[in-house]
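Beneath this line is the structure, given in structure tokens, with notes to follow.
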Amino acid sequence: MSKKDLESWVTEVAKLVAPEKIHWCDGSEEEKKVLIAEMLKTGDLLELNEQTHPNCFLHRSDPNDVARVEQLTFICSRLEDDAGPNNNWMNPAEAHAKIDALFERSMKGRTMYVIPYLMGPVGSPYARAGVEITDSPYVVLNMSIMSKIGDAAIAIINSSSKFVKGLHSVGELDPARRFIMHFPEEQTIKSFGSGYGGNALLGKKCHALRLASGTAKQEGWLAEHMLILGIQPPQGETKYIAAAFPSACGKTNLAMLVPPKGFEDWKIWTVGDDIAWLHLDESGQLRAINPEAGFFGVVPGTSSTTNPNCMNTLGKNTIYTNVALTSEQEPWWEGHDLTRPDTLVDWKGNSFDPTLGGLAAHPNARFTVPASQCPSFSKEGNSPNGVPISAIVFGGRRSNVTPLVFQTYDWEHGVFAGASMASETTAAAAGQVGNVRRDPMAMKPFCGYNFGDYWAHWLSFASRSDNLPPIFHVNWFRKGADGKFLWPGFGENIRVLEWILARSDGKAEGTESAIGYLPKSGELNLDGLNLPPGATESLLAVDKKSWKKEIEDIKEYFSIFGDRLPVALSDRAESIKNMLGSV
Ligand code: OXD
Ligand code: MN
């Protein structure tokens, strides 16, 4: 593949979608200015208060187009089994025919933007290029924050043999004519009918997770739904952690954690808040890069209490999507520091009437902002070789069963803990609240191939390095008998990270249990927390009866994967069950 191949693909696409004109994006400031001016004219963007929010804009999406659409997302591998029971599958020929029929002349009267983009630090051997063709200027603007558009990408396309092809059109934004299709064998994405983030910014979930996860398997690395943070103790060396959590479990908050009282001399450095690409270096050390250049985060609930670093990241050069608007032309959302102003325009552009009981901002309202604006952004955040990972953390939202933290016994056990990860559904998602849903490695919506093969790939790392980081599991959401959270969470999570690093440094002993090492009494620094009596014991309790049921549930879930399930994982379920003994 070369620039010439790129040009002939663009010509071929143009024939199909019949645009009025074609614009090759270079990522320049001038280009952005022109795009913004056009979008202000069409009403695609609204300018926010220039004094308080310089270079910030509000975009209102179609009310039918406000979230990722898992039910319309397909992996179109040749063999259905390669997509696995964790994905919707469609035969590639059928999928192309179906979606190409939608693309036919879909850009008539519109500009077709060609966006060459780079995921990962410039000059990094781990960075990858893609090209997204889209008819949405909003997508161009977002991609210019989330990736590096222009020369850096073109250089890779010219010099390497690979780039990901992404074709996107907003179409008529009709949910009945919407598909997000991935063709792993062709390194191609086709997305039609949605302008929303994960469906439309093809560099993010579609490329950096669904396609990259498959490429990573073939090439011996990992593409994961993980934040990356550095933690620097007083006068100490910065150590890096990669952590996977499902949606609504506080990934962005953890990535930007502000050390609380008692930890003032500690520092947390943000490398990434959503995606990590992990490679083994020559010494067998696992290293991570964040392929993204920006944050595309959920706005509601963000405040100076929950995430002060995030609040200080926003406020300039930010695109807000589906937030409410004050009469001062400032963005507002539920959970904002400022109480709700009396006069407000809601995310749909209507005057907000609180007596009707709705929300002013959409619960999935988003900010798009350059990562470099974050006050805690790591100076290693753009390091071509990435950062060395000292610990991997998996986590879910469980009101019971799972303790605050445990360390798995070895890599294989860690893969088991990731593969059996579960989280309770929240009010933010459709369906019943509090249902436990398995979300292995937080990759349920994002793994582009059969989970059975994915776990086998994870397991294979054990034979490639004897220097792999230890794997931990955390749960900030355990509740007491009174239904209240036992753990304060947010900044106080640093106490758990401190134990994790102490374990990975061999400086804490831990105590053995059937499910892994738990903090030994006194090892978790709880100074100044004033937890109620018995709370620590409840937070760390491993109830054998609930765990036996948990293991049965995990075995049932694993059985869906038939003979693609690595034996090591079913064996591990059995051995944990035996260790739990008879209750
Ligand atoms: C995201 C998601 O947008 O996980 O990051 O849905
Ligand atoms: Mn995510």
Side-chain angles (χ1 to χ4, degrees), residues 59 61 65-73 86-87 119 138-139 142-143 145-147 180 182 189 191 194-213 222-229 242-256 270-278 288 290-302 307 310 313 318-323 333 361-369 371 374 393-397 418 421 423-431 437-448:
H59 171 78
S61 78
D65 184 33
V66 290
R68 278 187 292 107
V69 283
E70 289 179 24
Q71 72 283 10
L72 300 174
T73 300
N86 45 304
N87 280 303
M119 301 303 289
Y138 169 77
V139 165
N142 275 272
M143 286 291 286
I145 295 176
M146 299 304 293
S147 68
I180 323 296
H182 305 73
I189 305 154
S191 165
S194 164
Y196 166 78
N199 302 328
L201 314 179
L202 302 186
K204 191 174 175 64
K205 304 296 189 182
C206 301
H207 175 166
L209 286 176
R210 296 197 192 96
L211 288 189
S213 58
L222 294 164
E224 297 299 323
H225 191 202
M226 289 178 171
L227 66 92
I228 310 162
L229 65 78
F245 296 86
S247 295
C249 291
K251 223 147 99 243
T252 304
N253 292 345
L254 186 63
M256 298 179 188
T270 311
V271 179
D273 80 328
D274 196 40
I275 301 179
W277 285 355
L278 300 144
N290 170 14
E292 301 192 283
F295 304 126
F296 180 70
V298 176
V299 188
T302 305
N307 194 338
C310 189
T313 307
T318 307
I319 303 171
Y320 294 90
T321 302
N322 291 345
V323 295
W333 52 85
H362 188 276
N364 195 32
R366 297 282 177 149
F367 55 78
T368 320
V369 69
C374 179
V393 178
F394 293 123
R397 174 189 287 267
M421 240 167 90
S423 207
E424 280 155 23
T425 49
T426 63
R437 176 176 108 136
R438 297 279 153 206
D439 189 354
M441 280 83 171
M443 284 285 278
K444 168 72 189 75
F446 308 119
C447 181

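Counting from 1, the numbers follow the sequence of the chain as shown. Start at 1 and go down the list; that is how both ligands and their atoms are numbered. Small disclaimer: the values here were computed from a predicted structure and weren't measured.
- Taking the ring axis of F446 as reference, the NZ or CZ atom of K205 stays within 45° of it and closer than 6.0 Å to the ring centre.
- Annotation: side chain of D439 is in contact with side chain of P445 (closest heavy-atom distance under 4.5 Å).
- In this model, no donor atom of one side chain and acceptor atom of the other lie less than 3.5 Å apart for N199 and S191.
- The ligand atoms of ligand 1 that sit less than 4.0 angstrom from a heavy atom of D274 are 5 (O).
- Within ligand 1, the atoms closer than 4.0 Å to a non-hydrogen atom of F446 are 4 (O), numbered from 1 in the order shown.
- Y196 is not listed as a side-chain neighbour of V69, based on a closest heavy-atom distance of 4.5 Å or more.
- When heavy-atom distances to ligand 1 are checked against a 4.0 Å cut-off, R366 comes that close only through its side chain, counted from C-beta outward.
- The atom of H225 nearest to the Mn ion (ligand 2) is NE2, with the search restricted to N, O or S atoms.
- The closest approach between any non-hydrogen atom of K251 and ligand 1 is not below 4.0 Å.
- Any N or O atom pair closer than 3.5 Å counts here, and K204 shares no such pair with ligand 1.
- Residue contacts with ligand 1, taken as heavy atom pairs separated by less than 4.0 Å, do not involve F245 at all.
- Counting atoms of ligand 1 from 1 in the listed order, those under 4.0 Å from a heavy atom of H225 are 4 (O).
- The only member of T313, N307, D273 that meets side-chain hydrogen bond (donor to acceptor under 3.5 Å, both in side chains) when paired with T252 is D273.
- Counting protein heavy atoms only, atom 5 (O) of ligand 1 is closest to K205 NZ, 3.0 Å.
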Let me see the working for Y138 and S61 under side chain to side chain donor-acceptor pair (under 3.5 Å), right down to the final yes or no.
CA-CA 10 Å; Y138 169 77; S61 78; over 6 Å; no
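- The Mn ion (ligand 2) has an N, O or S atom of K205 closer than 2.8 Å.
- Here the N, O or S atom of D274 that is nearest to the Mn ion (ligand 2) is OD1.
- A salt bridge between R437 and E70 is present, with a side-chain N of the basic residue lying under 4.0 Å from a carboxylate O of the acidic one.
- The distance from ligand 1 to the heavy atoms of R68 drops below 4.0 Å at these ligand atoms: 2 (C), 4 (O), 6 (O).
- For G198, the heavy-atom gap to ligand 1 stays at 4.0 angstrom or more.
- Contact check for I189 versus L211: side-chain heavy atoms found under the 4.5 Å cut-off.
- For K444 (side chain) and N86 (main-chain N/O), a donor-acceptor pair under 3.5 Å exists by modelled atom type.
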